[in-house]
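Here is the structure we will look at.
In listed order, ligands and their atoms are each counted from 1.
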Amino acid sequence: MFNFGKQTIKFVIGYAKYSQSSRVAKPLPFKKPKAAGNSIQHFIDTKQVRAVGGNGGDGCISFLSLWSNEFAGPDGGDGGHGGHVILHATTDAKDLCQLPTVARAAEGGKGENKNCHGKNADHLVIEVPVGTVIKNINGKVIGDLSKEGLMFIAARGGAGGKGNQFFTTDTEQSPVICEFGAMGEEIEYLVEIRSMAHVGLIGFPNAGKSSLLRAMSRARPKVASYPFTTLKPYLGIVEYDDYEQIAIADLPGLIPDSHKNKGLGIQFLKHTERCMVLLYVVDASLDEPWTYVETLKHELLQFSESFSDRPHIIAANKIDLPGAIENVELIKSNTGLPVIPVSAKTGENLETLMREIKIIYDRSKEQQQELQETDN
Ligand SMILES: Nc1nc2c(ncn2[C@@H]2O[C@H](COP(=O)(O)OP(=O)(O)OP(=O)(O)O)[C@@H](O)[C@H]2O)c(=O)[nH]1
Ligand SMILES: [Mg+2]
């Protein structure tokens, strides 16, 4: 009926044979379990990196010899340029895990005869999160990738060497010299992320910072009744009716002498350096809670003087506990700062706190815009 070619018939027969033999049940193949050892990925926010630019390709010494012209002159081509190492800020990257400890760009290709130019190497472009700061080995800031798309050339590649054709002059028609490709730069950097939160939660351990962030946003930082539950900064986004989104950073707790590396130290405060607003969270149910605010302020100033003029308010947390509400007025009178009594547990007064944050945020945003306009 059908006009099958010879080959097609062979295939059909072969298939039938295969399906007959596959009727025999076989056990499922053994599946190797996944390694459990390194399945946890840590958030990497600082890294020391050695950036090495690619070397340029060497020039070539060559002389052209044609059937009609045995001595047709020098034709050694130039070497290609080495690649740069470039850091590129993008919102796709979340931490510095893509940044290798030694970032080495490719070398340029060698020059060839017949004046062939060596291949220019591709640049090594490494994606880092927006908010990455690049410091030299002495700790001085030399690059700040604060906006999406900004790039930083960490190490330049070497230029390609010239071939002997380049050195031909009126008096020297057959130069036997060429250049080596230049070496790429090799520079060490300290790279760190400064998160771009708008509001930073500052407080003693157990004050209820993580609980507040949980209550205000969809972030789910760990909450527990022991100190130093939060070991790393945690970001949450609060959405408002006007579609404004404010990023709030929950930070590890500060204690007296944190700047002397007590507790978890103060290095994580680098994440608050860009916060527009600081929210001091104090446990209002404790005795003399205003003294905690003074300590927090002192520790912040030990990290950076820039915190002195940062807008800040106090959230007097845990007002559901006995004795807390009486302390609110005392905190106000002792610190002279705006105090908002809240309870992260019951959600009492949270709306007032969020409204207050928005007002201060809007105000400082306007101030920043005015400053930028006057600068321009
Ligand atoms: N009663 C009451 N308890 C609260 C409130 N807020 C937080 N807590 C409790 O306080 C304890 C500490 O809360 P966390 O949110 O982990 O405190 P933290 O400031 O993030 O602490 P660290 O991460 O250790 O710095 C937990 O047991 C919470 O349940 C509150 O408004 N009322
Ligand atoms: Mg916490």
Between Asp242 and Lys358, is the closest basic N to carboxylate O distance under 4.0 Å? yes
How far is atom 20 (O) of ligand 1 from its nearest protein heavy atom, and which residue and atom is that? Ser210 OG, 2.7 Å
Measuring to the Mg ion (ligand 2), does Thr229 have an N/O/S atom at a distance below 2.8 Å? no
Around atom CZ of Arg214, are there more than 12 heavy atoms of other residues, nucleotides or ligands at under 6.0 Å? yes
Where is the nearest protein heavy atom to atom 10 (O) of ligand 1: which residue, which atom, and how far? Lys318 NZ, 3.1 Å
Has ligand 1 got any nitrogen or oxygen that is less than 3.5 angstrom from a nitrogen or oxygen of Ala344? yes
Does the Glu70 side chain pair with the main chain of Ser65, one donor and one acceptor, at a distance under 3.5 Å? no
Indicate, as side chain, backbone, both or neither, the part of Pro227 found under 4.0 angstrom from ligand 1 when only non-hydrogen atoms are considered. backbone
Taking only heavy atoms of Asp320 into account, list the atoms of ligand 1 that are under 4.0 Å away from them. 1 (N), 2 (C), 30 (C), 31 (O), 32 (N)
How does Ala224 reach ligand 1, if at all, at less than 4.0 Å between non-hydrogen atoms: by side chain, backbone, both, or neither? backbone
Does an N or O from Asp250, backbone or side chain, lie closer than 3.5 Å to an N or O of ligand 1? no
Whether the side chain of Asp257 engages the backbone of Lys260 through a donor-acceptor N/O pair (distance < 3.5 Å, no angle test) should be reported. no
Dump the intermediate steps for salt bridge (Lys or Arg N to Asp or Glu O under 4.0 Å) on Glu348 and Lys318, then the final yes or no. CA-CA 9 Å; Glu348 200 180 332; Lys318 306 198 186 181; over 6 Å; no
Is the side chain of His81 donor-acceptor paired with the backbone N or O of Asn120 at a distance under 3.5 Å, no angle test? no
Strictly by modelled atom types, are Thr346 and Asp320 linked by a side-chain donor-acceptor pair under 3.5 Å? no
Does at least one non-hydrogen atom of Gly203 fall below 4.0 angstrom from an atom of ligand 1? no
Sidechain N-carboxylate O distance under 4.0 Å for Glu244, Lys365: yes
Using a 4.0 Å cut-off to any heavy atom of Tyr226, which atoms of ligand 1 qualify? 24 (O)
Which segment of Leu321 sits under 4.0 Å of ligand 1 when only heavy atoms are counted: side chain
I want to check something: taking the side chain as every heavy atom from C-beta on, are Leu124 and Ile86 in contact at a cut-off of under 4.5 Å? no
Sub-4.0 Å atoms of ligand 1 with respect to non-hydrogen atoms of Asn317: 5 (C), 6 (N), 31 (O)
Any side-chain heavy atom of Thr46 sitting closer than 4.5 Å to one from Leu190? no
Give yes if a backbone or side-chain nitrogen or oxygen of Phe228 is under 3.5 Å from a nitrogen or oxygen of ligand 1, and no if not. yes
Without swapping roles, check the side chain of Asn138 against the backbone of Lys140 for a donor-acceptor pair under 3.5 Å. no
Has the side chain of Asn164 got a donor or acceptor atom that lies under 3.5 Å from a matching backbone atom of Pro175? yes
Where the closest heavy atom to atom 14 (P) of ligand 1 is concerned, which of Ala284, Pro221, Ser211, Gly263 has it? Ser211
Does Glu329 come within less than 4.0 Å of Lys332, counting only side-chain N to carboxylate O? yes
Under 4.0 Å from one or more heavy atoms of Gly253, ligand 1 contributes atoms 25 (O)
Starting from atom 19 (O) of ligand 1, which protein heavy atom do you reach first, and at what distance in Å? Lys209 NZ, 2.8 Å
Closest protein heavy atom to atom 17 (O) of ligand 1, given as residue, atom name and distance to 0.1 Å: Gly208 N, 3.2 Å
Which is closest to atom 28 (C) of ligand 1 in terms of heavy atoms, Val223, Leu212, Asn206? Val223
Short N or O distance, Pro252 and ligand 1, threshold 3.5 Å exclusive: no
Should you measure from each heavy atom of Thr229, which atoms of ligand 1 turn up under 4.0 Å away? 22 (P), 23 (O), 24 (O)
Give a yes or no on whether Ser210 keeps an N, O or S atom under 2.8 Å from the Mg ion (ligand 2). yes
If you measure every N or O of Lys222 against every N or O of ligand 1, does any of those distances drop under 3.5 Å? no
